[in-house]
Amino acid sequence: MILDGLNPMQQEVVRTTDGPVLVLAGAGSGKTRALTHRIAYLIEEKGVKPWNILAITFTNKAAGEMKERVQALLPYGGDQVWVATFHATCVRILRRYADRIGYESGFTIYDTDDAKTLMRQVMKRLELDPKMYRERTLLSVISDAKNKMITPDDMAQDAAGKYREMRIAEAYAEYQAQLKKNNAMDFDDLLCNAVELFEREPDVLREYQERFRYIMVDEYQDTNGVQFRFVELLSRAHRNICVVGDDDQSIYKFRGADIRNILDFEETFPGAHVVRLEQNYRSTKTILDAANQVISNNEDRKDKSLWTENPEGDRIELLTFDTAYDEADGIVRIMEQARLRGMRLGDCAVLYRTNAQSRAIEEKCVTRGLPYRLVGGVNFYQRKEIKDILSYLRTVENGQDDVSAMRVLNVPKRGIGATTQARVAMFAQDNDISFFDALLDAEAIPGLGKAAGKLSAFTDLILSLRRQAQTLSVAELIDRVVEEAGYEREIAESSDETEAQAREENIEELKAKAEEYALQAGEEATLRGFLEDVALVADVDSLDESEDRLTLMTLHSAKGLEFDKVIMAGMEDGLFPGYMAINDVEHPEELEEERRLAYVGITRAKKELTFTCARQRMVNGETRYANESRFLDEISPTVLKRTDKTDLYRPRTEKRDLYRSEECGRSRWDDYADYGRRGSFGGGPERDRERDRDRRDSFQDGRSGPGFGRSVSSLKSSGLFDKHPKTGYGMKKPEQKPVELHCGDRVSHAKFGIGTVREIEDGPRDTEVTVEFDTAGVRKMYASFAKLKKVEE
DNA sequence: GGGCCTCAAGTTTTT
DNA sequence: CTTGAGGCCC
């Protein structure tokens with residue numbers, strides 16, 4: 001029975017199938033469980049057809065999980081339920097009806113980098129002074145406008161008479177015009193254009209209203225204006241809309257999320273049934289107490305209080321360190337301890353406010369050999385070589401995409417310079433054709449001279465790829481790009497071996513993703529589909545919990561996840577909450593958003609929670625001093641224990657009084673291996689002084705050790721750092737000795753299988769090995785990349 | 001046309 | 001302090 005194992009409130013969610021429903025689901029209250037059971041109930045008990053159900057989530061990961069769980073609940077039909085993110089949903093609709101809004105179905109999806117590039121072009125064209133108008137600002141104003149469904153015309157009207165605002169409206173209009181000309185949409189457009197499609201084409205709207213009779217939206221507190229409109233339009237016909245969210249976890253205001261969507265749901269959908277899920281199944285009482293205490297300081301929220309039947313659990317600890325490096329060291333040691341106690345690293349996470357904080361922690365993980373994985377930071381798909389290859393593929397798929405074509409025209413170097421490119425671009429503009437079409441017509445372009453000949457190398461390549469794309473798989477096509485565009489050669493000739501290897505590995509990873517895609521899409525697999533998948537993934541989506549590594553990520557990325565043990569790092573005023581929020585007296589709601597972020601962080605922890613902070617920290621090259629986060633003051637001492645770890649690392653300073661030290665005695669965390677031998681903590685003042693001297697010395701010794709204290713980049717080039725295939729960041733790895741090879745040797749390759757060495761030549765940078773594989777044909781490769789293993793036969 | 005150097009700005013958070 | 005972009009020189 002579908003209702004089995006659900007608490008009364010969850011059952012109510014499941015059973016209330018018709019009309020608008022608002023589920024206020026506290027952290028860890030089993031909302032995904034309620035939602036998935038609701039879907040199953042609709043199908044099993046109410047006889048609703050699976051394809052009449054739409055469930056919208058925030059991330060692909062959440063969508064995948066929900067899909068899986070629904071399928072597990074149902075004997076069949078579960079795969080017919082439409083579970084996807086807002087963006088993916090809109091893309092699917094837009095592909096079908098692109099022509100109705102003046103697009104072609106093969107449109108490209110621009111990420112933020114592409115949008116920036118395009119905006120730079122727009123600014124040049126409009127002669128906007130980059131000093132006065134930064135592209136970042138322009139893009140964020142435009143994004144805001146789109147989220148509120150303000151068109152360029154609307155904006156121009158509002159701006160009438162105000163010069164600066166008129167110019168911005170102009171930029172908005174031109175930016176949109178260029179997007180359309182490139183047959184491209186940015187992230188916001190996916191939503192806006194879908195809404196526009198619905199509003200302009202009633203028959204299309206009606207079709208989808210008929211199809212989606214039951215609509216569910218997860219993480220509703222993070223929806224923005226367009227998303228609200230999208231859902232509202234779709235649900236108008238049947239009014240069966242169920243939104244699930246937690247106003248206390250609304251943390252995406254900066255991205256246009258409007259917390260009013262959830263706070264005002266009952267007014268927008270009169271007669272809405274409200275269900276509160278307040279029993280928490282995730283955390284200990286202690287952790288939940290802390291979370292409740294912090295969030296109760298927010299004014300603008302739906303009143304509710306989470307409770308749990310879980311055990312009391314350990315007290316939460318706050319550890320104060322002197323510097324961010326000490327903090328990082330402490331964090332890694334705590335995790336080592338946890339591991340020794342039998343905890344899985346995969347069940348532990350370090351959460352922080354800004355990505356920049358991950359550096360020091362990463363470095364420590366590397367030097368101490370603690371396996372970790374970093375989520376976020378530079379997205380895999382934003383790496384240079386990956387973007388380059390994708391730009392080739394996009395040009396193959398969509399010849400109108402000028403941004404992509406221009407990006408790779410001279411990558412790898414073909415001797416085509418900026419002047420030539422500018423001439424071609426000018427010609428394209430004058431004749432109102434795409435950049436690529438202009439390249440095809442190079443003879444007609446005045447002033448190119450001998451450069452014209454070089455252009456055909458590029459166009460021939462694209463045309464040839466376009467032909468091959470008909471028959472080859474995406475992975476094979478990537479191979480062709482890498483080979484035929486001369487990428488292989490460029491990488492081999494690169495002066496930085498470590499970097500070359502990382503690039504090579506990233507390309508392999510991209511191919512692996514393409515193969516993964518082909519597997520999952522089966523018959524449906526297309527280049528277009530792959531590019532789309534790639535455009536809409538977030539880093540969290542590929543988080544693999546089965547790997548036993550410590551997770552490092554931002555508080556934002558952590559939403560929706562849970563860990564046995566959580567360390568929230570950098571609990572300092574100015575960092576968390578950030579300056580912006582503290583200083584913005586006009587907008588007290590900014591601080592409330594930070595507090596919600598704290599709430600999200602705290603409620604990620606199931607069993608153990610530790611806060612850390614550093615008294616000084618390097619920010620933009622200068623040392624900043626900070627007090628501990630004001631959020632910590634909101635937690636009562638009965639659940640929070642303060643310990644000053646400063647003395648473990650540094651001599652005492654006079655500043656000591658500024659910082660609290662509730663307990664001077666030994667704590668669990670004092671048993672740090674390296675320091676343990678120096679006797680127990682908390683000796684008299686004389687001993688302290690003695691120990692300080694001791695420590696200062698050993699401290700410096702430690703810093704001069706191998707690889708210690710150097711920057712991440714220098715670690716990288718030293719080879720100590722090896723790029724993690726998923727994150728691109730470091731991971732410790734033993735040095736590999738190249739295998740001695742001779743012609744005729746039988747070797748094995750991770751990917752191509754077994755083969756025979758045919759040729760070995762010493763290149764300038766590396767040894768080039770030609771291998772005839774039994775199954776994969778003849779391949780040329782560079783010895784250090786290929787990791788060939790000799791096989792005996 | 002390419003490479004090197006200098007200068008500037010940036011740090012919230014991401015589909 | 002780091003990274004990126006633009007300018008200058010070869």
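The figures here come from the full heavy-atom set of this structure, side chains too, leaving out hydrogens, waters and symmetry mates. Numbers restart at 1 for each chain; the letters A, B, ... are given by sequence-line order, proteins then strands.
- Put simply, A:Thr554 has no side-chain N or O that comes within less than 4.0 Å of OP1 or OP2 on B:dT12.
- Remark: A:Lys559 qualifies as a cation-pi partner of A:Phe58 under the 6.0 Å distance and 45° angle criteria applied to the six-membered ring.
- The structure places CD of A:Glu572 at 9.5 Å from CG of A:Asn627, a figure rounded to the nearest 0.5 Å.
- Separating the CD1 atom of A:Ile109 from the P atom of B:dT15 is a distance of 14 Å, rounded to the nearest angstrom.
- By the criterion of a centre-to-centre distance under 5.5 Å and near-parallel planes under 30°, the ring of A:Phe254 forms a stack with the base of B:dT13.
- No engagement by A:Gly578 is indicated, since no non-hydrogen atom pair under 4.0 Å with the nucleic acid exists.
- Dashed line: the shortest gap from a side-chain N or O of A:Arg136 to OP1 or OP2 of B:dT11 is under 4.0 Å.
- A:Tyr110 has its ring centre no less than 6.0 Å from the ring centre of A:Phe187.
- Backbone-only engagement by A:Asn355 is indicated by non-hydrogen atom pairs under 4.0 Å involving sugar-phosphate atoms exclusively.
- Residue A:Asp573 contributes atom CG, which lies 16 Å from atom P of B:dT12 at whole-angstrom precision.
- Nearest nucleotide to the A:Phe187 side chain, out of B:dT15, B:dT13, B:dT12: B:dT15.
- At whole-Å resolution of the value, CZ in A:Arg359 and C1' in B:dG10 are 13 Å apart.
- Note on A:Phe576: nothing from the nucleic acid sits closer than 4.0 angstrom, heavy atoms only.
- Side-chain contact between A:Ile251 and A:Gln221 is absent, with no heavy-atom pair separated by less than 4.5 Å.
- Heavy atoms of A:Arg596 sit nowhere under 4.0 angstrom from any nucleic acid atom.
- Using a 4.0 Å heavy-atom distance criterion, A:Asn60 is classed as making no nucleic acid contact.
- Shown here for A:Lys513 and A:Tyr381, the closest heavy-atom pair between the two residues is CD-OH, 2.8 Å.
- Listed candidates were B:dG1, C:dC1, B:dT12. Nearest to the side chain of A:Met618 is C:dC1.
- Within 4.0 Å of A:Lys413, counting heavy atoms only, lie sugar-phosphate atoms of the nucleic acid but no base atom.
- Both tests hold for A:Arg95 against A:Phe107: distance to the six-membered ring centre under 6.0 Å, angle to the ring axis within 45°.
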Reading nucleotides 5-10 of chain C from 5' to 3' and marking B where a protein heavy atom lies under 4.0 Å of the base, S where only the sugar-phosphate is that close, and - otherwise, the string is ------
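- Across all strands shown, A:Tyr579 has no heavy atoms under 4.0 Å from either base or sugar-phosphate atoms.
- Geometric assessment of A:Arg255 against the ring of A:Tyr252 yields a positive cation-pi assignment under the 6.0 Å and 45° thresholds.
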